[in-house]
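What follows is one structure encoded as structure tokens, with my remarks underneath.
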Protein chains: 2
Amino acid sequence: MSCESRAIDQLRESGVRLTPQRAMVLEAIYHSDGHLSVEEVHERVQQLSPYVDLSTVYRTVMFLKQQGVIGELRLDGQPVRYEAVRFGQEHHHVVCSSCGAMIDVASDDLETLSELLDTKYGFEVNLVHLTLVGQCPACRNDQSR
Amino acid sequence: MSCESRAIDQLRESGVRLTPQRAMVLEAIYHSDGHLSVEEVHERVQQLSPYVDLSTVYRTVMFLKQQGVIGELRLDGQPVRYEAVRFGQEHHHVVCSSCGAMIDVASDDLETLSELLDTKYGFEVNLVHLTLVGQCPACRNDQSR
DNA sequence: ATTGCAGATGCGAAAATTTGCAACTACGAC
DNA sequence: GTCGTAGTTGCAAATTTTCGCATCTGCAAT
């Protein structure tokens, strides 16, 4: 069983079409450890099937993101990147605006916020794969010198 | 005194250059009530000064966003939009993924999260103008029918 | 007021992303 | 299995966004 099989099940249950292209994009992203740009996803998918178009990759990552099985990482001055949203390892990112260091934040840490938005505004918020910007401990020290 | 004067002060204090182009982009965004796309900002700026280039507007909104005086609103299927971050009215957005309804969430509501990220990870996070996706009360009801 | 220069701008060109559309296909109904 | 169709895809073209670079300018120092 491949590591993206759970995501595939999730798509099946949502009643959306599971095309070979979608499966390949999913595979490329789930079998990568880091964050892939669209271009990198395209390269990897083309190794599996050479005629998959770049525009299909664009449409597919958008689709998979909306389905919640991949996450988008959008940092100023860098290409947009995508990563797997693995079951049980859902997380967010915090990036240091000074040095670029990035840490993962467990989804549970945003549970309080989620509850607040529910009780106060009635919104059921999908807190999936946020990217927050801030300053890491080291850069905070540097700055205060 | 114009409504963006406080933002201008903030830029001065940061020691960054205050060019006419930056002031005009700031003015266009602060004098608009809603959210403007880059194209719309460009149109308004050109009415003040016809030779301001579109690429300058792109660079300027990126800059002003990083300075924290304007906020970016990025919704799937819509052009990126920018709005003023007015002192004392800092807020975030929650958008309903079903009907598109959007509400503002006061910055204070994220105070707890901010403290958690500080104590747990040591990050001083800049919680400015986030956009969260979820479901509004009405659509939650519709769905459960 | 003048000077020096790091950083900003305008312009053209390149790169990234989206879109229109005819052909194709996953998948539910039979 | 076959059929029908709504939803996808590949391709080409349009559009949006970024970038390189020569020139220009805000502003701190004098």
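Letters go in sequence order (proteins before strands), and every chain restarts at 1. It should be emphasised that the depicted structure is a prediction, and the values quoted were computed from it without experimental measurement.
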Expected rows: protein N/O vs nucleotides 19-24 of chain C N/O, under 3.5 Å:
residue	atom	partner	partner atom	Å
C:dG20	O6	A:R59	NH1	3.3

Just so I know, are the side chains of [X] and [Y] near enough to count as touching, which here means a heavy-atom distance under 4.5 Å?
X: A:E90; Y: A:V128; value: no
X: A:F123; Y: B:L132; value: no
X: A:R44; Y: A:V25; value: no
X: B:T112; Y: A:L116; value: no

Original post:
Okay, side chain of B:S37, backbone of B:P79: is any donor-acceptor separation there less than 3.5 Å?
Top reply: no
Original post:
Can A:R81 and A:E40 be counted as an ion pair, charged N to O under 4.0 angstrom?
Top reply: yes
Original post:
B:H129 and side chain to side chain donor-acceptor pair (under 3.5 Å): which partner among B:E83, B:H91, B:K65?
Top reply: B:E83
So which heavy atom on [X] is nearest to which on [Y], and how close?
X: B:R22; Y: B:L64; result: O-CD1, 4.3 Å
X: B:R140; Y: A:G122; result: NH1-O, 2.9 Å
X: B:A28; Y: B:V45; result: CB-CG2, 4.2 Å
X: A:Y82; Y: A:V38; result: CE1-CG2, 3.7 Å

Using distance only, find each side-chain donor-acceptor pair of residues 8-17 of chain B under 3.5 Å and give its atom names and separation, not counting sequence neighbours.
residue	atom	partner	partner atom	Å
B:Q10	NE2	B:Q67	O	3.3
B:S14	OG	B:Q10	O	2.9

**OP:** Please list, in 5' to 3' order, the outermost nucleotides of DNA chain D lying under 4.0 Å from any heavy atom of chain B.
**Re:** D:dT16 to D:dC27
**OP:** May I ask you to check whether B:T56 and B:Q21 show a side-chain donor-acceptor distance below 3.5 Å?
**Re:** no
Original post:
Listed in order of residue number, which residues of residues 42-52 of chain A have a non-hydrogen atom at under 4.0 Å from DNA chain D?
Top reply: A:Y51, A:V52
**OP:** Can you tell me which residue pairs pass the ring pair (Phe, Tyr, Trp, His ring centres under 6.0 Å) test with a partner in residues 19-68 of chain A, sequence neighbours excluded?
**Re:** A:H35-A:H93
Distance check needed: [N] [atom2] versus [X] [atom1], whole Å only.
X: B:L54; N: C:dA16; atom1: CG; atom2: P; result: 18 Å
X: B:L26; N: C:dA8; atom1: CG; atom2: C1'; result: 16 Å
X: B:L11; N: C:dA8; atom1: CG; atom2: C1'; result: 14 Å
X: B:Y58; N: C:dT17; atom1: OH; atom2: P; result: 12 Å
X: B:L75; N: C:dT18; atom1: CG; atom2: P; result: 14 Å
X: B:L18; N: C:dG7; atom1: CG; atom2: P; result: 16 Å
X: A:R81; N: C:dT17; atom1: CZ; atom2: P; result: 11 Å
X: A:E39; N: C:dA15; atom1: CD; atom2: P; result: 11 Å

Original post:
How bent is the helix from C:dA1-D:dT30 to C:dC30-D:dG1, comparing axes over its five end pairs at each side, to the nearest 10°?
Top reply: 60°
Original post:
Heavy atoms under 4.0 Å, any strand shown: does B:V16 hit a base, just sugar-phosphate, or nothing?
Top reply: sugar-phosphate
Original post:
Between A:T19 and A:P79, who's closer to the 5' end of DNA chain C by nearest nucleotide?
Top reply: A:P79
